[in-house]
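We name chains A, B, ... by the order of the sequence lines, and we start the count at 1 in each one. Small disclaimer: the values here were computed from a predicted structure and weren't measured. Side chains are part of it too, since the values below use all heavy atoms of this structure and drop only hydrogens, waters and symmetry mates.
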Amino acid sequence: MPPIVRTLLTRGVPLLALYLVVLGLIGAGIIDAYWMATLALICVNIVLAVSLNLITGFTGQFSLGHAGFMAIGAYATAIISNAVAGPAGFLGGLLAGGVLAALVGFLIGLPTLRLRGDYLAIATLGMAEIIRVVFVNLDSVTNGAAGLTVTQNMDWNWFFVLTVGSVILIRNYLRSRQGRDAIAVREDEIAAESIGVDTTRAKVMSFTIGAFFGGLGGGMYASYFYFIKPDLFGFLKSIDILVIVVLGGLGSLSGSIIAAILLALISTLLQGFTEIRMILYALLLVVIMIFRPEGLMGSRELSLNVFSRLGRRRPALATAQAAPGASEAQGKGDER
Amino acid sequence: MDQLAQQLINGLSLGSIYALIALGYTMVYGIIQLINFAHGDVYMVGAYVGFASMAILGLGVFESLALAMVTCMILGVVIERVAYKPLRNSTRIAVLITAIGVSLLLEYVMLYFVGAAVRSYPPLPDYFNAQFAVGGVVISAKSLIIIGVSVALMIGLQFIVQKTRIGKAMRAVSQDADAARLMGINVDNTISFTFALGSALAGAAGVLVGIYYNTINPLMGIMPGLKAFVAAVFGGIGLIPGALIGGYFIGVTETLVSGYFSSLLQDAVVFAILILVLIFKPAGLLGKNVREKV
Amino acid sequence: MSDILAVEGLTRNFGGLAAVSNVNLRLGTGELVGLIGPNGAGKTTVFNLLTGVYPPSAGTITFTRQDRGPVSIGGRRPYAICRAGVGRTFQNIRLFKDLTVLDNVVIALQQNRRYPLLSSFLRLPPFAKAEAEIHAESLELLRIMGLDAKAEELARNLPYGDQRHLEIARALATKPTLLLLDEPAAGMNPNETAQLTRLIARLRDEFALTILLIEHDMSLVMKICERIYVLDHGVVIASGTPAEVRANPKVIEAYLGEEA
Amino acid sequence: MFEIRDLHVHFGGIHAIKGISLSVEDGEIVTLIGANGAGKTTTLRTASGLKAPTTGSIWIDGKDITKASPQDRVKMGLSHVPEGRRVFPRLTVLENLELGAYLRRDRAGIAADLADVYARFPVLAERTKQTAGTLSGGEQQMLAMGRALMARPRILLLDEPSMGLAPLLVQMIFDIVKGINETGTTILLVEQNANMALQIAHRAYVMETGSIVAQGTAAELAQTEDIKKAYLGG
Amino acid sequence: SGTTAPSSAAGGGAAAGGDTVKVGLLFELTGNVASYGTAEANGAKMAAEEINAAGGVNGKKIQLVEYDTKSDTAETTTLAAKLMTQDKVVAIIGPATSGGMKAQIQLSAQNKVPIVSGSATADDLTVTNGKLNEYVFRTCFVDSYQGTVMAKYAASKLNAKTAVILKDTSSDYAKGLADAFDKQFKAGGGTVAATEAYTAKQTDFNAVLTKLKGQQFDVMYVPGYYEELGLIIKQARALGITAPITGGDGYESPKLAELAGSALTDVYYTNHYSATDTDPKVTAFIDAFKKKYNNATPEAFHALGYDTMKFVADSIKRAKSATGADVKAAMTETKGFSGVTGTFDVDPATHNPIKQATIIGYKDGKISVTEKFS
Ligand SMILES: Nc1ncnc2c1ncn2[C@@H]1O[C@H](COP(=O)(O)OP(=O)(O)OP(=O)(O)O)[C@@H](O)[C@H]1O
Ligand SMILES: Nc1ncnc2c1ncn2[C@@H]1O[C@H](COP(=O)(O)OP(=O)(O)OP(=O)(O)O)[C@@H](O)[C@H]1O
Ligand SMILES: [Mg+2]
Ligand SMILES: [Mg+2]
């Protein structure tokens, strides 16, 4: 079998099956408006989490500003698709949103990615806040705090294409030389430089690509949920996305996907407990982290490829998150 | 001129509040490199304990302050033992997420029990409400108290961390816990002590803010917590004088931006300055950018 | 035999401390040269200056490759210096500990096998071709270093000696013409050191390398180095053949002691 | 005075120490040699309480300390210079040394010991205000030794103290170890540099993949052919 | 549940044949605006209990299905879909903010379930781009009305020639009020000397107040909510700003007096009702509320939530059947509905209630003025 045929069979068939099953369930009315909205949210969260995982989990750059990219994508899509009706406006909006987010990511990333750890986190957090404040103040374009009403342009077909497409593209990136450079940066920046990895370039590239898909996620959000306003994209949204990434496992794409689904299900289950739902959610978060600090998947991947071994081991996250003390402890044995 | 002087006073008072919270933040960070997102919420709990103690138990301001500090101290240690200690050997982001979980937990448990509505602190003794007018500039006793307390606490903390035995132990633990054990340092107790101290400070800040603004609510910790974190980073995270300077800087900048440009832009300008400062001083204003020796 | 590396007036200060001051070094193509000296003499700092980890406070570093001619590498970024043809290992092992042995080598090797970003995203033919080559070459290199059986293990799980070997393999994968080894035998017992000594000599020949190495184990240094520079307090206090250096009273006093 | 009985240690599934027993008598230098990964470091880490054993026990002065915390062991006179030095990188040399005496209260004694450490390692005296992380490898090794001495230990565990040191210093370190021993400190020394270790030790154990495969007086072992071949490079 | 395809059969299907009628309660119980959402939800719940205690509507008990939007729009859309298609409610009450309402406008039309807010005041909520949103209702003033009324009041009763505006930029509500005030005040011949802003959850307003103090003005218009207003009033008076401070129904809360204390003087705002009102309906409401909630005095949000529930129940009672479409029709035809926040008709063209504003004024922490004004 030529590799391309094999890939289509092993990966394409299960995906196509997934697509058709959901389509069938929608047709049969089993997936109703409520479940469709839940599905939409899952898809948006997958795109957001996977793109943040690229930045934080794989490249080791701690970002607290993903909601900023989301906001750019959401507003660009909203404004363009409101101005130009039909698929042209909506797809153009999504693309413009992604590109704009990538551009901002590039411009912000270039100077700030020199920062390490928490300093980078705070710089990205600041960036997202600035983006939000700009949207509040660009009254004539964004309608300020009052927010924008958006036409619903997404359906299951689009969600499927965009979500699966994003995941595949990011996965391909990670398993290429550019992606391995990014992982090398995460593992040990000094060592990476010493073997010829242009670490600045690797970081900025991951950040820009992550920003693009963050923007795309925002655009998908805006195109389904009717209404956006700046305070949806605050600091807490960035945290929400980070929670998905860490819960799934830093450095595991399938972990991010599983966590996005799991959190949506948890949220559904908790909806009945109006009064204490957030208490239960917070408790659950703490308990999960205590018992599985490496996240649900660690850095392992679950493969769709039914013929390959399940759970092929992928690189784990180390340097970026290990306590600074640990990396400075000299000596040959890594004692912890 | 008067207006500028007034704005500076305003900025320093606001900055003191950020500094008060940032001190505890930065100390905990300095020792275990944890961005303790729950710190802002411990501060909130402190504000409520102060409120309950004054409004319900009828205690005086200083008794209430003490009570809030002790309660928060216990709360801080419990949080550390239950939620953070099991993650001693995990990645820092894992602990960060746990801290966010704890933060949400405190907020929503509080929301559940006391409701979302704001509460106002009971009336205070007169000396708190005094005001002085110097020319056209109004200075309130509360401002002076809060500025004074923040400076005093900074000095006290700096002394503890730099000069005392336990302070040295704290720094040793922060750099290499195993090696610290080999020196005979009880690492768990040292970390608990750090939390106790940091949380007591948060409790004090909560009561002082309650007194200063006279309003508290279960979500009051989020924004100041974030700003305090920014202040700590700004000054050089882990550095106690940095927290104070960062707090003042942010307070004054915010005030001047809203006073002379537009209050709409205050957060954006603060963050923009922060990013610029970090680009030129990647370890904050006071931080030294030590490169790892290879 | 032309000089591959010419260092002139190299100086580096840390605060008030002159870790390296006015150092001149010359390495001929194909030479195997030792850099020795007491602890804190500035040997590792010289490596760090040569590889761009620190910019020099003063001085020039000229690196020559037959095919490209001389270039000044002082103060350039480490990755650029590596790409110019200078590879190194670290005194404290710096592997990508949570990656596989193979991936450690692949990342170094792929720096010479570029293909465009679009190929990566879409898995276009250039991607597949280059990946296959990278994979094959990496395995070949591991085989030469005797690590091929452990290609899929995580680097952190290797025994210490293998980790040292892997670090050398990773440096070789960048296709250097000049290789800098910082205490390759540290932590090895005399037996292992002897094996390593033979390996280094072999690598120099097989890969047509010029090697500069720092080492405190005199059994290794004296056996394979053709020339030796001795550094003390940041200054070159002696240089010459092993025999000359060993007999130099300054070196004996500062470094070797009476026993050596 | 120090004893390990039938110790087993696991790292997850890895059985790193497979039932070793060893003892160090009062005033002795005992050395533990063996190839990389034999388990020497793990033995010392278990002895000082950084790593919990699966089974087996550790004794000081006839007291079972298997369950004692590291700081209690320090109190009982145990001091451990870990592999890789583990100095506190952002503290100064002086602060590192002061921490060595963390559990001591006798100011005068501490001052005297500090002077003593400075006398043994003059480099440290020149660098009291330098942060330890920027010291060279050898300087850090001296600092780590000095720091351990500040606890005025009765039994000192040393993990490869000669690693990365210049020949002159290797000699010096072994002299110092011997000197420390002569002032009454019992020493358990782990070394790769087996030649030197056997020269100063009274007795020795040889470890291989988690087990002790040979033991005896240092002089005896230095003459054994197998050991010469495997560890002494001859 | 779903044996029939929900999307087609979702025409606001009532709990068929049962002895209850389901009403959705979709509010911001957590998140940014939890304090308003919670208050309104509690008001509505109290009303539902009263209605059920009195025998329900048309013999059926009201069954509330309550969810929390977390102040998030995606959550709002999702849960609105759940209420409409799975829980099959007849109508949804909430959310409290216009943004939340906007997230379910399209669903309300698709599923034919009326949605009613007690406090979503954005002008373009019920009529978007000149088109009426058929299933969207509210029981509160629109922003422009309150802003206009206060501008007139400031000019005629407070003799103000120059005004400054300080608005909460994080809420569309304050923005709407501010814009309307600005327009009307200028139209009436006044000048607006400065427009400044703050954001919700801010606690320190000294900077912007110090800046305003440098201006000459006769009145301050500060649309926003009591949480911030209590502090603004207090800090303004402490800085020596003595001009009257005016605003909208966001001021209405006993907390305002608590927070501002004695500084609460020369403060005027537009409101639906007054807690000192002697109307028996109002006093009964206040008494019942105090009894249920620990002696707390109700706020505007409580009253609005309460009225909204009563309004929905009233419409169900008048509807031909308990289906969304019929209830919507009944709502549109409402005439003279009398609640604690006033008596109103629903304007069929805009679905806005036609009701008169009450001006409430404070002196030394006590209410000194209560007058109807328009
Ligand atoms: N980043 C730094 N900051 C301050 N001082 C430094 C730094 N790096 C090295 N030094 C100092 O420079 C001197 C030379 O250090 P270097 O590491 O080059 O020594 P070395 O010759 O490699 O010693 P060793 O054989 O022990 O490894 C030492 O005194 C060290 O303390
Ligand atoms: N933290 C750890 N996790 C898993 N395995 C470990 C860990 N530390 C040590 N080991 C394993 O235990 C065994 C013994 O290691 P140890 O470090 O004690 O050897 P050593 O004799 O000190 O070797 P060296 O001469 O290299 O210092 C090795 O197989 C090692 O891989
Ligand atoms: Mg060195
Ligand atoms: Mg060892």
Side-chain angles (χ1 to χ4, degrees), chain A residues 25-42 44-45 74 82 132-133 135-137 139 143-152 220-222 224-234 236-237 240 264 267-268 270-279 281-282, chain E residues 1-10 25 27 29-33 41 66-68 70-87 97-107 110-111 122 124 128-129 143 167-176 197 199-200:
Chain A
L25 290 175
I26 293 173
I30 296 172
I31 293 186
D32 57 13
Y34 166 66
W35 285 112
M36 188 55 222
T38 307
L39 197 58
L41 200 59
I42 290 175
V44 169
N45 282 341
N82 280 350
R132 196 179 61 76
V133 172
F135 282 135
V136 172
N137 287 294
D139 227 340
N143 200 23
L148 278 181
T149 308
V150 199
T151 348
Q152 190 180 63
M220 290 163 66
Y221 180 97
Y224 190 83
F225 290 104
Y226 303 113
F227 179 74
I228 55 171
K229 56 179 177 171
D231 61 350
L232 290 175
F233 307 108
L236 291 174
K237 184 52 118 198
D240 281 348
S267 168
T268 302
L270 293 181
Q271 269 156 11
F273 303 87
T274 322
E275 303 249 282
I276 52 167
R277 117 194 240 209
M278 288 308 287
I279 299 181
Y281 171 76
Chain E
S1 47
T3 41
T4 49
S7 49
S8 56
L25 216 50
F27 277 107
L29 304 178
T30 56
N32 273 338
V33 289
E66 188 186 14
Y67 295 124
D68 167 23
K70 298 189 197 163
S71 313
D72 178 86
T73 55
E75 199 85 12
T76 308
T77 306
T78 310
L79 291 169
K82 189 174 195 180
L83 284 168
M84 293 175 188
T85 62
Q86 296 194 344
D87 298 314
T97 55
S98 303
M101 287 294 283
K102 284 177 181 171
Q104 50 169 351
I105 292 178
Q106 298 194 28
L107 286 172
Q110 279 162 21
N111 296 295
D124 65 352
T128 315
N129 299 328
D143 294 337
K167 63 181 176 187
D168 171 1
T169 43
S170 47
S171 90
D172 42 341
Y173 156 76
K175 181 170 170 272
T199 49

Region of [X] that comes under 4.5 Å of a non-hydrogen atom in chain A:
X	answer
E:Ala122	neither
E:Lys102	both
E:Ser170	backbone
E:Thr30	side chain

Give, as side chain, backbone, both or neither, the part of [X] having an atom under 4.5 angstrom from any heavy atom of chain E.
X	answer
A:Thr38	both
A:Val150	backbone
A:Asp139	side chain

Top of A:Ala33, A:Gly272, A:Ala40 for chain E proximity - count of heavy-atom pairs under 4.5 angstrom |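 Going by pairs under 4.5 Å, I would pick A:Ala33.
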Name the member of A:Met278, A:Met36, A:Arg277 that forms the most heavy-atom pairs with chain E at distances under 4.5 Å.
->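 Ranked by contacts with chain E, first place is A:Arg277.
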For chain A, the option from E:Asp124, E:Thr77, E:Asn32, E:Leu79 that forms the most heavy-atom pairs under 4.5 Å =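 Most pairs with chain A among the choices: E:Thr77.
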Looking at E:Lys82, E:Lys70, E:Glu75, which makes the most heavy-atom pairs under 4.5 Å with chain A?
->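 Heavy-atom pairs under 4.5 Å are most numerous for E:Lys82.
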Sequence neighbours left out, what passes ring pair (Phe, Tyr, Trp, His ring centres under 6.0 Å) with A:Phe225? Give chain and number order.
->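 A:Phe225: ring pair (Phe, Tyr, Trp, His ring centres under 6.0 Å) contacts with A:Tyr221.
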With sequence neighbours excluded, what pairs up with A:Tyr224 under the ring pair (Phe, Tyr, Trp, His ring centres under 6.0 Å) test?
->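 With neighbours one apart ignored, the set is A:Phe159.
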Looking at every non-hydrogen atom in both residues, tell me the closest pair between [X] and [Y] and how far apart they are.
X	Y	answer
E:Ser71	E:Val33	OG-N, 3.3 Å
E:Ala80	E:Gln104	CB-OE1, 3.4 Å
E:Ala41	E:Leu29	CB-CD2, 4.1 Å

Indicate yes or no for a side-chain donor-acceptor contact from [X] to the backbone of [Y] under 3.5 Å, with no hydrogens or angles considered.
X	Y	result
E:Asn111	E:Ala81	no
E:Thr85	A:Asp32	no
E:Thr73	A:Phe227	yes

